[in-house]
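So the structure is just underneath, and the comments pick up after that.
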Amino acid sequence: MQLYQNQTIRVHNSLTGKKEVFEPINEGHIGMYVCGPTVYSNVHLGNCRTFMSFDMIFRYFKHLGFKVRYVRNITDAGHLENDADEGEDKIAKKAKLEQIEPMEVVQRYTVDFHETLQKFNFLPPSIEPTATGHIIEQIEIIKEIIEKGFAYEVNGSVYFDVPKFNESNEYGKLSGRKLEDMITNTRALTAQDEKRSPQDFALWKKAEPQHIMRWPSPWGDGFPGWHLECTAMSTKYLGETFDIHGGGMDLKFPHHECEIAQSEASTGKSPVKYWLHANMLTLNGKKMSKSTGNNIYPSEMFSGDNSIMSKAYAPAVVRFFMMQAHYTSILDLSDDALLASEKGYHRLMDALECVDGLKTATTSDFDYKAWKQKCYDAMNDDFNTPILIAHLFDAVKRINLIKEGNESISQEDKSLLQTTLASFVYDILGIENQKAVKDDSSALSGVMELLIELRNEARANKDFATSDKIRDQLIALGIQLKDGKEGTTFSIN
RNA sequence: GGCAUCGUGGCCGAGUGGCUAGGCACAGCUCUGCAAAAGCUUGUACAGCGGUUCGAAUCCGCUCGAUGCCUCCA
């Protein structure tokens, strides 16, 4: 008996615009694909929020006992700069600017991506395929689409015929657009002579002689179009139809729209049952942008080496901050908001640390079983982490009340509380207790015990000058003493 | 200009056709040698204008504003 059999999960499906009951195609198994980063620069915080949302979803499914195959790709080629760019691809362009090999760029930023995600305590996906590793699969899909009559070749490039596709299918159903509207609203672009219609998109681009990233194909040397890699890799590892496709809001159009078109054109099937889109992260109310300077990298957040925040923030604090908002809402990052989250994070961690030492009684003053189900209910309702966190703080309050002797808890409920908190905080939200690590040192705790003893002796002797000196100097070192009914404890900030 | 999402108290951020989100900040109280921590209590709210309704912040319309997409983008 798996946990998921007792829970009804509802997810917001972008395709229908509604919350729907989640039922996997194959019972007990979930196939999930998320569009990964293009590794041509350091990963930025907005990226991290999207991937973090799906990391949380992945974690929750696993916790419920589903067998999840989570595929998140690395885009290391085939990312067209734009239609007017003579087919130069994003990776190759960056490489030329920096005078290094394209794969060197890929390597450098893939490493940065993994390092950053590790700091944020991400679980690795089941498969992390690269676009360049799936050129053959992409070529095969292009062949199929051409055979079905939905693509055409011009001068060594292959384009998807959107108007033709729209005759038998519905192009724009995910993003709520109509082809007719797009035609009237398309701006004039240069260098699109090859395309029969401005809405058509590249499946394969011919490589000019100086172009470094190139592969042979039935249409000559070239490289794949951006939208195709996701179709190729999701189909290969998850099948022609799979459960969940995720990504950032901004990928809805054209990227995900094109993925649907490619799949429907080649297999005749709609590829995805549930489309999930994570919303944007803004910085001080404005979109993040490198050009305006309204931008901050994860490493700058962690180090405090930036002009936007007043201090450094631990990865776990940033993660907690992001989990306090629903993944479908725009979230605004600011120093004030982070400071508030940091305090909340510490309060949560402090409470978690003292659960183990709680004294038990024969009965409980609180319905912990009902509380536990509320936590599940929150997650089941489209992964509502802010509501979950509200319930977690309810537990924090309970813990503190018990600690002060104002409420009681039974042994049975205590272990339920302990395991439930660990599951939701550490396993599902993925929030680490980054200060507990320091408390491990036995030398430190020995010293602290001694200092607390000395201070309490001084207090007993009304030598407040000494006791306050100990307390104040410890504060200056970032160690806070807490006088409770059961004695004095400390925490390191 | 078109499409989409949204506009909640000092800040962040949930939710809902009538009944307390939560965190942070602020104030009072309890505890304390004094603090801190913790607990208790209180206040300020649903952009504006119309409409539907017994009743709307929640549904509809308009206005204003924000963000995203429409061109690479999580």
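Letters A, B, ... are given to chains in the order of the sequence lines, protein chains preceding strands, and every chain is numbered from 1. Note: hydrogens, waters and symmetry copies are ignored here, and every other heavy atom, side chains too, is used.
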Donor/acceptor link under 3.5 angstrom from A:N384 side chain onto base of B:G13 | no

How would you label the contact of A:S53 with the nucleic acid (heavy atoms, under 4.0 Å): base, sugar-phosphate, or nothing?
-> nothing

CG of A:L174 versus P of B:C70: gap in Å, rounded?
-> 14 Å

How many Å lie between CZ on A:R319 and P on B:G23, as a whole number?
-> 22 Å

With sugar-phosphate meaning primed atoms plus P, OP1 and OP2, does A:F464 contact a base, only sugar-phosphate, or nothing at under 4.0 Å between heavy atoms?
-> base

Would you mind telling me which residue lines up with the more 5' stretch of RNA chain B, A:P254 or A:D394, judged by nearest nucleotide?
-> A:D394

Of the nucleotides B:G13, B:C34, B:A21, which one has an atom closest to the side chain of A:I387?
-> B:A21

Between CZ of A:F320 and C1' of B:G23 the distance, given in whole Å, is 7 Å

Between A:K397 and B:C40, does any side-chain N or O lie under 4.0 Å from OP1 or OP2?
-> yes

For B:C31, which nucleotide is its Watson-Crick or G-U wobble mate, given both distances must be under 3.5 Å?
-> none

Just to confirm, is there a sub-4.0 Å distance from OP1 or OP2 of B:G39 to any side-chain nitrogen or oxygen of A:R398?
-> no

Phosphate contact (B:G39 OP1 or OP2) by A:N400 side-chain N/O below 4.0 Å = yes

Counting just side-chain N and O atoms, does A:R455 come under 4.0 Å of either OP1 or OP2 of B:G33?
-> no

Rounded to whole Å, CZ of A:F253 lies from P of B:C69 at a distance of 13 Å

Answer with yes or no whether the side chains of A:Y70 and A:D55 bring together a donor and an acceptor at under 3.5 Å.
-> no

In whole angstrom, give me the gap between the C1' atoms of B:A25 and B:G43.
-> 13 Å

Would you indicate whether A:E449, at its atom CD, is surrounded by more than 12 heavy atoms from other residues, nucleotides or ligands within a distance under 6.0 Å?
-> no

Using the P atoms only, state how far B:G18 lies from B:A57, rounded to an integer number of Å.
-> 12 Å

Write down the distance separating the C1' atoms in B:C49 and B:G9, rounded off to the nearest Å.
-> 22 Å

Closest to the A:F321 side chain: B:C24, B:C12, B:A36?
-> B:C12

Round to a whole Å and report the spacing from CZ of A:F490 to P of B:A35.
-> 25 Å

Side-chain donor/acceptor of A:N279 to base of B:A74, under 3.5 Å = no

Is any side-chain nitrogen or oxygen of A:K252 closer than 4.0 Å to OP1 or OP2 of B:A4?
-> no

Please state the P separation for the pair B:G65 and B:C24 - nearest whole angstrom.
-> 36 Å

Exercise: do A:H346 and A:Q480 side chains pair donor with acceptor under 3.5 Å | no

Looking only at atom C1', what distance separates B:A4 and B:A14, rounded to whole Å?
-> 22 Å

Indicate, with a heavy-atom threshold strictly under 4.0 Å, whether A:A325 touches base, sugar-phosphate, or nothing.
-> sugar-phosphate

Is there a side-chain polar atom (N or O) of A:S329 under 4.0 Å from OP1 or OP2 of B:A14?
-> yes

Using a heavy-atom cut-off of under 4.0 Å over every strand shown, decide if A:G46 touches base, sugar-phosphate, or nothing.
-> base

Would you tell me whether A:D483 and A:T488 have side-chain atoms, one donor and one acceptor, within less than 3.5 Å of each other?
-> yes

For A:H114 and A:Q118, does a side-chain donor sit closer than 3.5 Å to a side-chain acceptor?
-> no

Answer with base, sugar-phosphate or nothing: what part of the nucleic acid does A:R347 contact at a heavy-atom distance below 4.0 Å?
-> sugar-phosphate

Complement of B:G7, any strand, by Watson-Crick or G-U distances under 3.5 angstrom = B:C64

Taking the side chain as C-beta and beyond, is there a heavy-atom pair between A:L333 and A:L338 under 4.5 Å?
-> yes

When only distance counts, do a donor and an acceptor, one from the side chain of A:R177 and one from the base of B:A4, lie under 3.5 Å apart?
-> no

Test item: side-chain donor near acceptor, A:T282 and A:D332, under 3.5 Å = yes

Using purine N1 to pyrimidine N3 plus N6-O4 or O6-N4 for Watson-Crick, or N1-O2 and O6-N3 for G-U wobble, both under 3.5 Å, which nucleotide pairs with B:C69?
-> B:G2

How many Å lie between NE2 on A:H245 and P on B:A74, as a whole number?
-> 12 Å

Between atom NE2 in A:H255 and atom P in B:U71, what is the gap in whole Å?
-> 16 Å

Using the P atom on both, measure B:A47 against B:U41 and round to a whole Å.
-> 29 Å

Would you kindly compare A:N406 and A:L331 by the position of their nearest RNA chain B nucleotide and give the one closer to the 5′ end?
-> A:L331

Which part of the nucleic acid does A:L281 contact within heavy-atom distance under 4.0 Å: base, sugar-phosphate only, or nothing?
-> base

Considering only heavy side-chain atoms of A:D483, the closest of B:A21, B:C34, B:G33 is B:C34

Sticking with atom P, work out how far B:A27 lies from B:G17, rounded to a whole angstrom.
-> 37 Å

Do the side chain of A:R471 and the base of B:C34 come within less than 3.5 angstrom through a donor-acceptor pair of N or O atoms?
-> yes

B:U44 and B:G39, which share atom name P, separated by this distance in whole Å = 23 Å

List the steps and the verdict of ring pair (Phe, Tyr, Trp, His ring centres under 6.0 Å) for A:F22 and A:Y274.
-> CA-CA 8 Å; A:F22 176 75; A:Y274 304 97; 5.0 Å; yes

Out of B:G33, B:U67, B:G23, minimum distance to the side chain of A:I330 belongs to B:U67

Using a cut-off of 4.0 Å on non-hydrogen atoms, how would the nucleic acid contact of A:K462 be classed: base, sugar-phosphate, or nothing?
-> nothing

Taken to the nearest whole Å, OH/A:Y109 to P/B:C72 is 21 Å

Decide if atom NZ of A:K462 counts as having more than 12 heavy atoms of other residues, nucleotides or ligands within a radius under 6.0 Å.
-> no

Paired nucleotide for B:G22 [Watson-Crick or G-U wobble; both distances under 3.5 Å] = B:C12

Measure from the side chain of A:D468, starting at C-beta and using heavy atoms only, and say which of B:A74, B:C24, B:C34 lies closest.
-> B:C34

